[in-house]
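I have placed the structure first, in the form of C-alpha cells, so that the comments after it can refer back to it.
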Amino acid sequence: MLRSVKGLKDILPQQASQWQHIETVARTMATQYGFSEIRIPIFEFTELYARSIGGTTDIVEKEMYTFPDRDGSSLTLRPEGTAGVVRAVLEHKLLDSPATRKLFYFGPMFRHERPQAGRYRQFHQFGVEALGIDDPLIDVEVVVLLWQFFLTLGLKDLTLHINSIGTLADREIFIHKLKDYLSPKLSTLCGNCQRRYSTNPLRVLDCKVPMCQEATQDAPILIDYLSDHSNVHFQSVLDGLRSLEIPFSLNHRLVRGLDYYSRTTFEITSPNLGAQSTIGAGGRYDGLFQALQGPSTPAIGFAVGLERVTLLLSEDITCKTAPLVFVAGFGEIGKPTAFKLLHTLRQSGIRADIDHKGKTLKALLRSADKLDADYTIILGDDEVSSGNLILRNMQTKSQEVLNIKEITQRIHKGL
RNA sequence: GUGGGUGUAGCUCAGUUGGUUAGAGCGCUGGUUUGUGGAGCCGGAGGUCGCGGGUUCGAUCCCCGUCACUCACCCCA
C-alpha cells in the first residue's frame, strides 16, 4: 500500500475543524492587533535561506529540502516564514507604507528532521512580523499577541521565557568572556558541548546535560554585557509586560537557533508536550534586512508551531457549523421531488444533504442520524400528492407538517 | 545522523509455555415484518499475525536481518 512520506501527516476531517478554529482565532487576533495577512510562496531560491538563517545552522546545513529547478537554479522548500516575508517586503517596497509594516502569515514549512512527538517534516506555522519599528513597545505588542493567542485557545500551564541576546557586537564581547569561563572546564562538558564551545558557545548555556548545567552555574550572564542601548530597550520591554500584567520568566540561558536574531528573544513553553515543549517563539532580527541587501530596518516577529498547539488543545474544541438539514426522499415521486428541494435549500444558503443509497425511510433516517443532522425533511409519495412534507427535529423528535413552499422560509426563521 | 521501544481486524488491544478453522470491545453492515434514527437482541463482512530468511515434523510465537511506526538525543516551532 502507498503511504505518505515519512514525517508528513494527513489532517483528517475530524481534526480539520480544530485547525479551522485555530486559524480563525489566529486571523482574528492578528487583525485586532493591526497585522495584515501576507501569502508568500512555498519555495524560494536557496540563497535566500542560506543568507538569512545562517550558513552554519543545522537548518541550512542539513535540514532543507533543496532541489534544482529545470534551468539549474537551486530552489528550497521554505523551512520558516520570516525570510520569505522579508524578501517579499523588500521586493514590493512594503516598508514605504505604515499599513504594510505589520504582517502575519500561515502555512506549511519543511525541514528534513527525524520525526518525533511535536516534530514533523512538513509542519504548519502561524507567524507575525512587525517591520521598521524600533520602539520597545512593539516588542511588547508582539509578545502579548502571542501570549493572548494561546490564552484565547484555552491553553494552560504556559511559561513565557524572555531574554535579550544583545546585538551582534554585544554578543561578540560576551562570547569572548564565556569562552574564557568555559575553557578550564572544557573536559567536564559533554561531547556535544565540547563541539559547541568552538562552533556556537551560547548553546552550551541551554544544554540539558546535568554536568553541563552544573559547569555553567556561575557562568557570565549575557544581560550583564549588553550595551546601554540594548539594555535600556530590554528593560523597557520588561516594564511594558509588567504594566500589562503579563507574567514572564527571565531566562538568561534562552538562546535562539537562527543567526538573524538579536536583542529581545522569547519563547513560550508547555510542560505537557514531551521534548518539543516550545509552542511559539520569536525575537528581534534587526540585522536581517541588511543581510538581504535591504535598508537597515529593525524588526521583530514570532512563529507558532501549530501541530504542537493541536496536541495541547482539548479535542472537543471545534468550529461551530450551521445546522444540517437532511432530506429524506423516497418513492417514485418522492425521491426526485426531494432532490429538487435539496437544490432549493442549498440555494437558500442552508446546509443540506441527502443519501443517494438509502431506499427506505428507516435507512434514510439512520443516515440522517449518522450525519448528525439537526433536521430531517421526510418526503415520500404520500407527501408529494398532498403537497406537504414533514419536518422532523432530530433531537426532540417532534414533527410538523408543512407546505413545500413554506419550508425554506420556515427554516430561515430559525427552524 | 545516533540510541531505545513497538509492529496481531478500520481503531484500541488480548492471545498462543511453538500444535488443527487467531479472539474481544468499538466501528462498519444486514435483520428485528411491511413509512420513522440513536438503545436492545440476532446475524455478517473484514486479518498473508509488518516483510524476508533461519531453527523445527510444525512458527503469529524462538533466532537473525530488514522495513515501518514511535519516543529520546541532536535541532527547533
Side-chain angles (χ1 to χ4, degrees), chain A residues 1 3-9 12 14 53-54 56-64 78-82 107-127 146 150 190-193 195-196 199-200 203 206-209 254-258 261 266-270 273-283 301-312 326 328-331 334 355 357-383 390-399:
Chain A
M1 186 172 56
R3 341 176 91 266
S4 70
V5 176
K6 183 197 274 284
L8 274 53
K9 289 274 174 286
L12 301 176
Q14 249 192 329
I53 297 170
T56 61
T57 58
D58 277 16
I59 294 180
V60 171
E61 273 187 341
K62 45 194 187 194
E63 294 177 1
M64 295 206 302
R78 62 184 186 194
E80 57 99 42
T82 302
M109 307 295 166
F110 306 86
R111 294 182 198 173
H112 188 102
E113 299 180 278
R114 191 82 172 262
Q116 184 181 328
R119 194 170 77 181
Y120 312 96
R121 290 185 175 179
Q122 175 179 331
F123 60 103
H124 295 79
Q125 288 190 331
F126 156 55
L146 180 61
F150 292 138
C190 71
N192 260 318
C193 284
R195 177 177 54 78
R196 286 173 178 136
T199 58
N200 193 354
R203 277 277 165 211
D206 67 351
C207 182
K208 289 166 193 158
V209 177
L254 177 62
V255 173
R256 304 273 67 222
L258 284 56
Y261 283 110
F266 53 93
E267 186 168 303
I268 291 180
T269 59
S270 163
L273 268 183
Q276 312 300 322
S277 59
T278 302
I279 54 175
F302 68 66
V304 174
L306 296 179
E307 276 79 2
R308 294 181 187 177
V309 172
T310 64
L311 292 174
L312 290 173
F326 183 88
F330 56 102
D355 171 16
K357 221 177 92 187
K359 296 271 187 282
T360 63
L361 178 55
K362 180 191 267 298
L364 289 166
L365 275 167
R366 198 177 299 140
S367 299
D369 190 56
K370 293 267 160 60
L371 293 173
D372 202 24
D374 298 278
Y375 295 88
T376 297
I377 289 172
I378 298 172
L379 190 48
D381 290 351
D382 294 355
E383 282 72 24
I390 298 167
L391 177 64
R392 178 181 176 85
N393 181 317
M394 295 300 282
Q395 208 177 359
T396 65
K397 294 177 149 183
S398 66
Q399 300 190 163

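Residue numbers start from 1 in every chain, and the chains themselves are labelled A, B, ... in the order their sequence lines are given, proteins ahead of strands.
For the P atom pair drawn from B/rU16 and B/rU2, the interatomic distance equals 37 Å after rounding to whole Å.
Of the candidate nucleotides B/rA77, B/rG35, B/rC75, B/rA77 has the atom lying nearest to any side-chain atom of A/A281. Side-chain proximity of A/R392 to the nucleotides B/rC74, B/rG37, B/rA77 is greatest for B/rG37. Side-chain proximity of A/L361 to B/rG37, B/rA77, B/rG35: nearest is B/rG35. The nucleotide whose nearest atom lies closest to any side-chain atom of A/R196 is, among B/rC76, B/rU36, B/rC75, B/rC75. Minimum atom distance to the side chain of A/I390 is reached by B/rU36, of the listed B/rC71, B/rC76, B/rU36. Nearest nucleotide to the side chain of A/D369, out of B/rC76, B/rG38, B/rU36: B/rG38. Of the candidate nucleotides B/rC75, B/rC69, B/rU36, B/rC69 has the atom lying nearest to any side-chain atom of A/R3.
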Scan the side chains in residues 376-383 of chain A for donor-acceptor partners under 3.5 Å anywhere in the protein, sequence neighbours excluded, and list what turns up.
unit_1: A/D381; atom_1: OD1; unit_2: A/E332; atom_2: N; d: 3.4
unit_1: A/D381; atom_1: OD1; unit_2: A/I333; atom_2: N; d: 3.0
unit_1: A/D381; atom_1: OD1; unit_2: A/G334; atom_2: N; d: 2.8
unit_1: A/D381; atom_1: OD2; unit_2: A/E332; atom_2: N; d: 3.3
unit_1: A/E383; atom_1: OE1; unit_2: A/G380; atom_2: N; d: 2.8

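Residue-level contact check: A/E267 touches neither bases nor backbone, having no heavy atom under 4.0 Å from any strand.
Lacking a ring centre under 5.5 Å from that of the base six-membered ring together with a plane angle below 30°, A/F330 does not count as stacked on B/rG35.
Applying the side-chain hydrogen bond (donor to acceptor under 3.5 Å, both in side chains) test between A/H124 and each of A/E307, A/R308, A/K9 identifies A/E307 as the sole match.
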Fill in: Dot-bracket notation for RNA chain B, counting Watson-Crick and G-U pairs under 3.5 Å, with | for partners on another strand
(((((((..((((.....[...)))).(((((.......))))).....(((((..]....))))))))))))....
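Distance, A/R114 CZ to B/rA77 P: 21 Å, rounded to whole Å. The distance between atom CD of A/E113 and atom C1' of B/rC73, rounded to the nearest whole Å, is 13 Å. Spacing between atom CE of A/M394 and atom C1' of B/rU36 amounts to 9 Å, rounded to whole angstrom units.
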N/O-N/O pairs, protein side and nucleotides 39-48 of chain B side, under 3.5 Å:
none

